[in-house]
Amino acid sequence: MPAPVRKYHIFTFGCQMNKSDSERIAALLELTGLERAAKETDADVVIMNSCSVRQAAEDRIFGKLRNLGRARAKRPNLIVAVTGCLPGRDKDSAIRAKMPEADLFFPIKDLPQLPRWLAELDPEIATTGDVAGDYLRIRPNYSSKFQAFVPVQTGCQKFCTYCVVPYARGLEANRPAADILAEVADLAERGVIEVTLLGQAINTYKAPDRGSFSAQNPYQDDYAALLWEVNRIPGIRRVNFTGAHPMNMTDEVIDALALPKQINFLHLPIQAGSNEVLKRMNRRYTREQYLEIIRKVRARRPGIALGTDIIVGFCGETPEQFEETLSLYREADFDISYNAMYSTRSGTQAAKLYVDDVPKAEKKRRWNALQAVMEEIVLRKNQAYVGRTVEVLVDQKGDGWCGGNSSELKLVRFPSTADLRGQIVNVKIDKAMEWLLTGKLTNSEAVEQRSGETVKQ
Ligand code: SF4
């Protein structure tokens, strides 16, 4: 009798890059002959794709591992693997030592070796040998039929003092433009209409194969040139990217924000509003420079929605310096911010150089104050959408309603009995809340027309 097919389950923690990596892990496991488990408890192989950006994220992974350790009493053949950011930053094996439940512990760049390691642990898993080369060349099992993440680079060498990424993911490594463009073209052929390009400081992108860009490409800046090429690919109707670094918002990258398929949104992390704090964070720009960049962005693309990331309670941040973050937030008039309370990450420069001296209760107070300003501003900004018609890429279907994101990445819902997922529709907004706009469907033909525009050559 043939052995039962082995099943897998992946837990994904953290950012969009990890979500994208999990699509590649799933593809590789299926190439190796495993099937996706209907539920976690059916899995023979559990992969934890970990995040290390904050202590809370690591604590969740440890908690999950303890549960899996207990589950082994009933499933003795269970294989548990930990990958993602935690293994990459574990230079002294101290983290590994705290994970006796894990059979495998490897940085994501070693993913091509996973089939061989699994075959060593379970003879019923076929030995397929290592997959050659760069893990980003593994064709992912995309989780959506019409939206996809496409990594442009991995790692980072900005060395912001609080950040683990350069240690967890290594120094910046850029994918060849030809690979990125081939992946996007292939996605478009299979019906994907929206791509989100991913990188840690994506606008530092340097094409290892600049010759892959068309002769007509108007840009010298490699990231702007890449956006221009992606905008030209037939079938793609929306282009998004995350996350940009303010220092690399060149005039050409700002110009490329107005390419016809770019969504009407930019995520540009500021992190703090005080120049002293920015300096200690090694962010390499001042508050004034940041504000000048967004002034240029809005001049090039009026009405663009802006998102940011902010850390409150960084080492040595005084109450007055935090007030500068609040005033910066108002001045920048952001649409959204992902706010975090600082937590020390071992191995970073901040852990070596500074003391985490803002008490937890004070961090929480600052976080609440910032959230309150954010909600006040976003509500005001969202109210300006009432009466306007926005383009929505539908990706949710509920009982009598559909929903999705506008080009400004505002969540929009509207009544619909039809399942419109995968379509771009027009919705006239009649009500605005902080995190939701609601409205009624109007005809979608105008949208089809705009999204079908081609890049001028
Ligand atoms: Fe980390 Fe972003 Fe700074 Fe790179 S640019 S070190 S990923 S915070």
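Counting starts at 1 for both ligands and their atoms, following the listed order.
Using cut-offs of 30° and 60° for the angle between ring planes, the F106 and W117 rings count as tilted. The aromatic rings of F11 and H9 lie perpendicular to each other, with more than 60° between the two planes, well past the 30° mark. The aromatic rings of Y290 and Y285 sit tilted relative to each other, their planes meeting at an angle between 30° and 60°.
Interface atoms of ligand 1 facing F159, defined by a heavy-atom separation under 4.0 Å, are 6 (S).
Side-chain contact, D255 with Y219: a donor N or O sits under 3.5 Å from an acceptor N or O.
Only side-chain heavy atoms of Y162 come within less than 4.0 Å of ligand 1; its backbone N, CA, C and O stay farther off. When non-hydrogen atoms are compared, ligand 1 lies under 4.0 Å from the side chain of R283 (C-beta onward) but not from its backbone.
Note on H245: not counted as a metal contact of atom 4 (Fe) of ligand 1, no N/O/S atom lying under 2.8 Å. Not one N/O/S atom of C160, from backbone or side chain, sits under 2.8 Å from atom 1 (Fe) of ligand 1.
Relative to the ring axis of Y385, R388 places its NZ or CZ within 45° and under 6.0 Å from the centre.
Considering only non-hydrogen atoms, atom 4 (Fe) of ligand 1 lies nearest to C156 out of A244, C163, C156.
Protein heavy atom in closest approach to atom 2 (Fe) of ligand 1: Q200 O, 4.1 Å.
The salt bridge (Lys or Arg N to Asp or Glu O under 4.0 Å) test with E183 singles out one residue from R175, R139, R190, and that residue is R175.
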